[in-house]
Enquirer: 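Just passing along the structure, written as structure tokens.
Note on naming: letters A, B, ... go to the chains in the order of the sequence lines (proteins, then strands), and numbering restarts at 1 for each one. Just so we're clear, the structure is a prediction, and the values are computed from it rather than from any experiment.
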There are 2 protein chains.
Amino acid sequence: MSSSLSGSVVTDVPGPQSKAAAKHLDAVFDSRAVLLVADYEKSSGNYLVDVDGNRFLDVYAQIASIPVGYNNPALIEAAKSPEMISALVNRPAVGNFPSREWYSILKDGLLRVAPKGMNHIFTAMSGSEANELAYKASFMLYQRRLRGEGTEWTAEELSSCLDNTAPGSPDLAIMSFSNSFHGRGFGSLSTTRSKAVHKIDIPSFNWPRAPFPKLKYPLEEHVEENADEERHCLEEVERIITTWSSRVAAIIVEPIQSEGGDNHASPAFFQGLRDLTKRLGIVMIVDEVQTGFGATGRFWGHEHWNLTSPPDIVTFSKKAQTAGYFFGDRMLVPDKAYRQFSTWIGDPARVILSKAVVGEILDKKLVEQCTRVGEVMYAELAKLALKYPDYIKNLRGKGKGTYLSFDTKDSHALVASIKKLGVNIGTCGVHTVRLRPMLIFEEAHIPVVITALEKAINSQ
Amino acid sequence: MSSSLSGSVVTDVPGPQSKAAAKHLDAVFDSRAVLLVADYEKSSGNYLVDVDGNRFLDVYAQIASIPVGYNNPALIEAAKSPEMISALVNRPAVGNFPSREWYSILKDGLLRVAPKGMNHIFTAMSGSEANELAYKASFMLYQRRLRGEGTEWTAEELSSCLDNTAPGSPDLAIMSFSNSFHGRGFGSLSTTRSKAVHKIDIPSFNWPRAPFPKLKYPLEEHVEENADEERHCLEEVERIITTWSSRVAAIIVEPIQSEGGDNHASPAFFQGLRDLTKRLGIVMIVDEVQTGFGATGRFWGHEHWNLTSPPDIVTFSKKAQTAGYFFGDRMLVPDKAYRQFSTWIGDPARVILSKAVVGEILDKKLVEQCTRVGEVMYAELAKLALKYPDYIKNLRGKGKGTYLSFDTKDSHALVASIKKLGVNIGTCGVHTVRLRPMLIFEEAHIPVVITALEKAINSQ
């Protein structure tokens with residue numbers, strides 16, 4: 001294997017320089033979660049270099065957020081463009097004073113990849129914010145329909161909302177699924193259900209959660225069982241929505257529950273959710289913060305479902321290098337200006353970078369590459385799973401590009417061993433190892449990952 | 001008056017080009033709040049140019065967020081730096097993989113201007129997020145003290161929090177003040193009390209609000225009355241905190257309530273809040289999103305108070321061109337890693353820009369300039385107030401730099417007239433005109449504003 005393909009680790013991970021830098025940083029900035037201190041100047045493409053001179057093939061990619069490689073030349077060009085300089089130094093209040101370029105920045109970038117059926121966008125700064133804005137749009141739509149188009153707000157609504165009480169602050173809910181992750185704001189965190197460490201001690205809304213299907217693997221051996229499980233979950237979704245103590249304005253769902261353990265469901269399940277939300281007249285929000293931008297071998301994870309009608313709202317962040325939500329129905333634009341608003345409404349500098357990411361993905365056919373490379377990667381992992389059934393269990397992500405994962409005995413120990421062998425990889429859920437490479441990950445990189453994984457297993 | 005100092009308006013505001021561009025944009029991005037479409041390439045220093053060729057002396061500054069002028073050369077230099085290019089194209093998950101430069105970016109930038117008594121920072125992307133992170137830090141501290149240092153979470157806490165119920169999701173509150181604005185997330189919006197349009201139809205937490213002093217002007221004629229009012233408000237704060245249905249973990253207060261109408265209070269009031277929060281053992285959060293970074297003639301608005309001990313948390317955004325919070329007590333760092341966390345934890349690109357803003361402010365002594373220019377500006381406005389008492393009422397902000405405002409009959413009509421005369425200015429509250437110039441606003445600009453204001457009054 002060529003040394004330019006494999007990683008190279010010359011110290012412990014984290015190494016002494018990383019440890020010293022993290023300790024230094026900790027005096028001013030909490031650095032207990034630092035895994036290593038990076039040298040981004042020396043990092044390139046799929047490879048992350050740290051301050052100890054270690055070089056990793058990076059299949060974690062900044063928690064699944066680097067889209068097209070470190071120091072990507074097209075992104076550097078965008079970063080140096082006069083358009084970017086202006087967006088950085090003349091940061092506008094986009095809602096009041098957009099730049100003359102704002103329309104084309106959107107049109108030639110994010111809107112090129114708008115999900116089918118969606119031609120509107122609202123920009124934000126994080127996936128968490130994007131989800132919360134989607135919740136707000138859903139709540140405003142719900143109340144708008146309830147009071148009837150054109151009905152003015154009552155004096156009681158106007159005054160009670162300032163007091164945080166009904167009817168101005170209505171008791172409405174967003175339904176999410178067990179093991180979901182939708183962010184860490186007070187609204188998004190109320191829909192996050194993956195781990196206690198995110199939620200404990202933080203007040204939350206009394207919003208419902210429904211069970212997410214727990215599929216059995218290999219899928220082809222559990223067809224009926226899994227179909228039953230999904231049917232049961234759909235029944236629960238309907239029961240919970242129709243019986244919950246408050247009215248449910250929307251549901252939010254990830255195409256693949258990522259932080260919660262890489263949990264998949266079938267297209268039939270998601271079609272069931274679409275049918276149900278249509279029938280009940282509530283908004284279906286698809287959280288594509290981690291699955292969007294090509295990661296599953298389609299540009300959007302929900303394209304795998306072939307829905308009979310598009311979701312109402314699709315949120316994005318991470319690989320987009322900016323955040324926001326797409327929608328199609330203009331009724332999701334609140335009935336008055338300034339209801340969905342903030343000083344900055346996202347960051348045009350990051351949206352310009354997003355435009356370069358979109359260009360790179362489309363020009364280089366990276367979604368197609370992800371599909372192709374993912375198939376080979378899955379086959380190699382499947383072979384290894386046969387050899388080490390105790391260490392590679394419930395292999396999943398077949399047909400979903402490189403969005404692959406498996407359960408193992410001790411995911412943190414295994415990941416630590418793999419890192420020492422020059423591959424930066426991540427965990428999710430309780431005992432899952434997830435591959436989240438960049439879209440420029442190629443066939444040639446597969447042996448590096450497989451070799452490191454096998455060595456690490458043998459060292460456990 | 002030199003034409004380079006005054007604005008120049010050649011069309012209606014917004015002009016035909018702005019209107020056409022906004023309409024075009026509206027097909028993909030809600031543009032009902034667009035006031036004009038800007039040409040940032042042609043904008044410079046204190047002057048904003050729009051696509052119709054109109055040139056405005058800008059004393060609104062992108063909703064009080066442009067710190068040191070359009071196309072500021074020092075900021076352009078920072079935007080072109082290799083450090084910036086890398087931060088843009090290699091966006092790190094700062095908590096896991098910070099760059100080797102991260103410490104110095106903070107140390108040589110934001111930490112140079114850390115409020116007295118505060119040496120820790122947590123970075124964020126907006127003022128709203130910064131406030132919510134401050135709330136989360138406060139809640140975690142409250143529960144940590146309640147359960148006792150080192151006490152592990154119970155099984156019931158661990159499971160109930162995933163269900164959004166107590167004891168894992170405790171019923172804790174943040175107290176805010178009437179007419180406050182702290183953001184639009186579900187937590188920050190629950191503390192925002194300025195206007196119904198921000199809040200109506202959005203579920204909120206049952207958190208309390210206390211009355212904010214309503215001072216009478218001129219201050220020197222209402223000394224006793226105002227002192228009584230502030231005493232009464234402080235009594236109410238204590239009564240509400242000690243009798244509210246849930247436990248209050250923190251209070252949040254703006255040094256000057258900005259969006260809510262530029263409402264001031266005296267140092268004694270804020271010292272009273274500091275004493276009270278100390279006595280009750282709850283966190284005092286000062287929201288300096290609009291007042292911070294020199295806008296009041298001190299670097300931080302709370303420096304006007306001469307507190308006997310610093311606030312617990314100070315949040316910032318806007319003129320910082322990034323966001324976050326400062327704190328001093330390490331107990332505000334949660335007891336475990338990953339509790340205060342997100343994928344990106346702010347944006348190093350924006351923090352690099354912030355470093356350049358800090359450099360510019362300190363090098364050019366812009367806070368001192370703001371104090372000096374503000375004094376002259378206040379005196380000129382006071383003269384005009386004597387001449388037009390019906391149009392300039394309750395003039396306020398004396399001694400607070402250029403953070404000046406007054407009430408008028410119809411603030412929106414007056415501001416529209418002023419704009420047509422080449423000065424871009426904003427409103428707040430119900431009937432208030434606020435000046436929010438950049439820190440590079442000079443004595444020479446004052447006659448431009450005063451002349452336009454007088455003409456506009458005469459045209460009403």
Enquirer: At their closest point, which heavy atom of B:Leu48 faces which heavy atom of A:Phe97, and how far apart are they?
Expert: CD2-CD2, 4.2 Å
Enquirer: Is there a side-chain contact between B:Phe29 and A:Pro98, using heavy atoms and a 4.5 Å cut-off?
Expert: no
Enquirer: Flag the one option from A:His24, A:Gln17, A:Gln143 with the top tally of heavy-atom pairs under 4.5 Å to chain B.
Expert: A:His24
Enquirer: Most heavy-atom pairs under 4.5 angstrom with chain A, which of B:Glu129, B:Met84, B:Lys107, B:Glu132?
Expert: B:Glu132
Enquirer: Is atom NZ of B:Lys23 surrounded by more than 12 heavy atoms (other residues, nucleotides or ligands) closer than 6.0 Å?
Expert: no
Enquirer: For B:Ala87, is it the side chain, the backbone, both or neither that has a heavy atom under 4.5 Å from a heavy atom of chain A?
Expert: backbone
Enquirer: Tell me which of these, A:Pro82, A:Pro14, A:Ala33, has more heavy-atom pairs under 4.5 Å with chain B than the rest.
Expert: A:Ala33
Enquirer: Heavy-atom distances under 4.5 Å only: say whether B:Ala27 touches chain A with side chain, backbone, both or neither.
Expert: backbone
Enquirer: Checking B:Asp58 against chain A: side chain, backbone, both or neither under 4.5 Å from a heavy atom?
Expert: neither
Enquirer: I'd like to verify something: which residue of A:Ile76, A:Thr343, A:Asn90, A:Asp50 has the highest number of heavy-atom pairs under 4.5 Å with chain B?
Expert: A:Asn90
Enquirer: Taking all heavy atoms of B:Arg32 and all of A:Pro334, pick out the closest pair and write down the distance.
Expert: NH2-O, 2.8 Å
Enquirer: Does A:Pro92 offer a backbone N or O that forms a donor-acceptor pair with the side chain of B:Gln62 under 3.5 Å?
Expert: no
Enquirer: Heavy-atom distance under 4.5 Å to chain A: side chain of B:Ser188, backbone, both or neither?
Expert: neither
Enquirer: Report the relative orientation of the aromatic rings in B:Phe186 and A:Tyr135; use parallel for angles under 30°, tilted for 30 to 60°, perpendicular for over 60°.
Expert: tilted
Enquirer: Using non-hydrogen atoms and a 4.5 Å limit, figure out which bit of B:Ile121 sits close to chain A: side chain, backbone, both or neither.
Expert: both
Enquirer: Measuring heavy-atom distances to chain B, does A:Ser194 have an atom under 4.5 Å in its side chain, in its backbone, in both, or in neither?
Expert: backbone
Enquirer: Counting N and O atoms only, with roles assigned by atom type, does the side chain of B:Asp201 sit under 3.5 Å from a partner on the main chain of A:Phe139, one being a donor and the other an acceptor?
Expert: no
Enquirer: With rounding to the nearest 0.5 Å, note down the distance linking CD in A:Glu101 to OH in B:Tyr40.
Expert: 9.5 Å
Enquirer: Find the distance between CG (B:Leu88) and CG (A:Leu75) and round it off to the nearest 0.5 Å.
Expert: 9.0 Å
Enquirer: With a 4.5 Å cut-off on heavy-atom pairs, point out which of A:Leu158, A:Asn206, A:Leu146, A:Val68 contacts chain B the most.
Expert: A:Leu158
Enquirer: Out of B:Trp153, B:Trp344, B:Phe326, B:Phe205, return the one with the most heavy atom pairs under 4.5 angstrom to chain A.
Expert: B:Phe205
Enquirer: Please state whether the side chain, the backbone, both or neither of B:Lys336 comes within less than 4.5 Å of a heavy atom of chain A.
Expert: backbone
Enquirer: Side chain, backbone, both or neither: which part of B:Leu172 has a heavy atom under 4.5 Å from chain A?
Expert: both
Enquirer: Relative to chain A, which segment of B:Asn179 carries a heavy atom at a distance below 4.5 Å: side chain, backbone, both, or neither?
Expert: neither
Enquirer: With chain A, which of B:Trp207, B:Tyr142, B:Trp102 has the greatest number of heavy-atom pairs at distances under 4.5 Å?
Expert: B:Trp102
Enquirer: What part of B:Leu111 gets within 4.5 angstrom of chain A, counting heavy atoms only: side chain, backbone, both, or neither?
Expert: side chain
Enquirer: Looking at B:Arg147, B:His198, B:Arg144, which has the largest count of heavy-atom pairs under 4.5 Å with chain A?
Expert: B:Arg147
Enquirer: Side chain, backbone, both or neither: which part of B:Asp163 has an atom under 4.5 Å from a heavy atom of chain A?
Expert: both
Enquirer: Name the region of B:Ala21, side chain, backbone, both or neither, that has any atom closer than 4.5 Å to a heavy atom of chain A.
Expert: neither
Enquirer: Measure A:Asp171 against the heavy atoms of chain B and call it side chain, backbone, both or neither at under 4.5 Å.
Expert: neither
Enquirer: Rounded at 0.5 Å granularity, tell me how far CG in A:Leu162 sits from CZ in B:Arg209.
Expert: 5.5 Å
Enquirer: Between B:Gly95, B:Ser31, B:Gly187, B:Ser86, which shows the greatest number of heavy-atom pairs under 4.5 Å with chain A?
Expert: B:Gly95
Enquirer: Would you call A:Asn72 and B:Val89 a side-chain contact if the rule is heavy atoms closer than 4.5 Å?
Expert: no
Enquirer: In terms of heavy-atom pairs under 4.5 Å with chain A, which of B:Met125, B:Gln340, B:Arg184, B:Arg330 leads?
Expert: B:Arg184
Enquirer: Which region of B:Ile345, side chain (C-beta onward) or backbone (N, CA, C, O), has a non-hydrogen atom less than 4.5 Å from a non-hydrogen atom of chain A, or is it both or neither?
Expert: side chain
Enquirer: Using non-hydrogen atoms only, which part of B:Lys195 is less than 4.5 Å away from chain A: side chain, backbone, both, or neither?
Expert: backbone
Enquirer: Measure the spacing between CG of B:Asp39 and CZ of A:Arg100 and express it to the nearest 0.5 Å.
Expert: 4.5 Å
Enquirer: Measure the spacing between CD1 of A:Ile63 and CG of B:Asn96 and express it to the nearest 0.5 Å.
Expert: 4.5 Å
Enquirer: Which pair of non-hydrogen atoms, one from B:Lys136 and one from A:Leu189, has the smallest distance, and what is that distance?
Expert: NZ-CD2, 4.2 Å
Enquirer: What distance separates A:Thr322 OG1 from B:Arg91 CZ, expressed to the nearest 0.5 Å?
Expert: 7.5 Å
Enquirer: Side chains of B:Asn164 and A:Lys199, heavy atoms from C-beta outward: is any pair under 4.5 Å?
Expert: yes
Enquirer: Top residue by heavy-atom pair count (under 4.5 Å) with chain B, among A:Asp347, A:Leu353, A:Leu133?
Expert: A:Asp347
Enquirer: Who among A:Ala61, A:Ser178, A:Ser65 has the most heavy-atom pairs with chain B under 4.5 Å?
Expert: A:Ser65
Enquirer: Between A:Asp30 and B:Arg339, is there a side-chain N and carboxylate O pair less than 4.0 Å apart?
Expert: no
